[in-house]
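Data first, discussion second: the structure below is written as structure tokens.
FYI, the numbering just counts along the sequence from 1.
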Amino acid sequence: MRRVLVAVSGLLFREFLDRVLGQLSWSDAELHLLHIVDARPLREFGLAAGNLPGRGRRASERLRQMGSLGADAGQKMLTEAEVIAARRLPAGTPIHRRQRTGVPEHEIVAAAYEATANLIVLGAAEDPAGPPPPDRHGRPEPPHHEGPPRFPRRHLTPTVRFVVDHAPCDVLLLYAGKLRAADAV
């Protein structure tokens, strides 16, 4: 049986899941949904708060609250993903949910090893990073230009690059759609 590990996160979550469920064949496959609570912001907050005299206890409580909020949001996302997948996948397709806390790229690779995954599916979106580059004369490009077609701006995040380099199986990168500038901040 093929084991497909799908890392889910908040940006374009439904669009991404729709692409995953529609792009792959699910006969003789099981779905492993994975959400990672990124521990880096919590660790950085803890380091910063630990340097403030007399605030260690309050900082510790705040860290616990922040971690709990991230874990709760992740569980809700995994529940929603499971409901969506159960509706769209063939009856009887096994669906497993998993949440981990840590550095996302490390946790994705570790989860793939644990699940003995045959495929990891990661999501990405087009980058809304400002206007197109100027033409060869330094002028902004007009909306209707002659010449070769413009392509969307896409880049691989450090997380994606790490997973591609260290995964124990194939990695599929699916573009879920275009981020709005507000989503990217």
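Looking at every heavy atom in both residues, His166 comes nearest to Val109 through O-CG1, 3.6 Å. For the residue pair Ala7 and Leu122, the shortest heavy atom distance occurs at CB-CD2, 3.8 Å. Residues Ala29 and Pro94 approach most closely at O-CD, 3.7 Å, considering heavy atoms. Arg3 and Ala115 make their closest contact through CD-O, 2.8 Å (heavy atoms, listed as atom of the first residue, atom of the second, distance). The nearest pair of heavy atoms linking Ala81 to Phe13 is CB-CZ, 3.6 Å. Taking each heavy atom of Leu5 and Ala117 in turn, the nearest pair found is CB-CB, 4.1 Å.
Applying the ring pair (Phe, Tyr, Trp, His ring centres under 6.0 Å) test to pairs two or more places apart or on separate chains, none has a residue in residues 62-88. Applying the salt bridge (charged side-chain N to carboxylate O under 4.0 Å, His left out) test to pairs two or more places apart or on separate chains, those with a residue in residues 102-112 are Arg40-Glu105, Arg100-Glu107. The ring pair (Phe, Tyr, Trp, His ring centres under 6.0 Å) pairs that include a residue from residues 98-120 are His106-Phe162, where partners are two or more places apart or lie in different chains.
At a threshold of 4.5 Å between non-hydrogen side-chain atoms, the residues Glu30 and His32 count as touching.
Here the CD1 atom belonging to Ile95 is positioned 11.0 Å from the CD1 atom belonging to Ile84, to the nearest 0.5 angstrom. To the nearest 0.5 Å, atom CG of residue Leu21 and atom CZ of residue Arg19 are 11.5 Å apart. Atom-to-atom distance recorded for His96:NE2 and Leu31:CG is 8.5 Å, nearest 0.5 angstrom. Put simply, CD1 on Ile120 and CD1 on Ile108 are 7.5 Å apart, with the number rounded to the nearest 0.5 Å. Atom OG1 of Thr101 is separated from atom CG of Asp38 by 9.5 Å, given to the nearest 0.5 angstrom. Residue Ser27 holds its OG atom at 9.5 Å from CE of Met1, rounded to the nearest 0.5 Å.
When the side chains of ILVMFWY residues are joined at heavy-atom separations under 4.5 Å, either directly or via intervening members, Val83 and Met77 end up in two distinct hydrophobic clusters. One hydrophobic cluster holds both Val8 and Leu172 under the rule that ILVMFWY side chains link at heavy-atom gaps under 4.5 Å.
Not counting sequence neighbours, Asp72 has no partner by the salt bridge (charged side-chain N to carboxylate O under 4.0 Å, His left out) test. The ring pair (Phe, Tyr, Trp, His ring centres under 6.0 Å) test applied to His35 returns no partner, not counting sequence neighbours.
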Legend entry - Stepwise side chain to side chain contact (heavy atoms under 4.5 Å, CB included) test for Gln75 and Gln99: CA-CA 7 Å; Gln75 285 300 327; Gln99 180 165 278; 3.5 Å; yes
Inset, instruction - Begin from the C-alpha positions of Leu24 and Leu119 and carry the test side chain to side chain contact (heavy atoms under 4.5 Å, CB included) through to its verdict. - result: CA-CA 11 Å; Leu24 301 173; Leu119 178 67; 4.1 Å; yes
Inset, instruction - For the pair Asn118 and Val4, evaluate side chain to side chain contact (heavy atoms under 4.5 Å, CB included) and give the outcome as yes or no after the intermediate values. - result: CA-CA 6 Å; Asn118 304 96; Val4 179; over 6 Å; no
Enumerate donor-acceptor pairs with a distance under 3.5 Å from any side-chain N or O in residues 85-93 to protein atoms, sequence neighbours excluded.
residue	atom	partner	partner atom	Å
Arg88	NH1	Asp18	OD1	3.1
Thr93	OG1	Pro90	O	2.7

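Checking side-chain atoms of Arg98 against main-chain N and O of Leu34 turns up no donor-acceptor pair under 3.5 Å.
A donor and an acceptor atom, one from each side chain of Arg97 and Thr79, are located under 3.5 Å apart.
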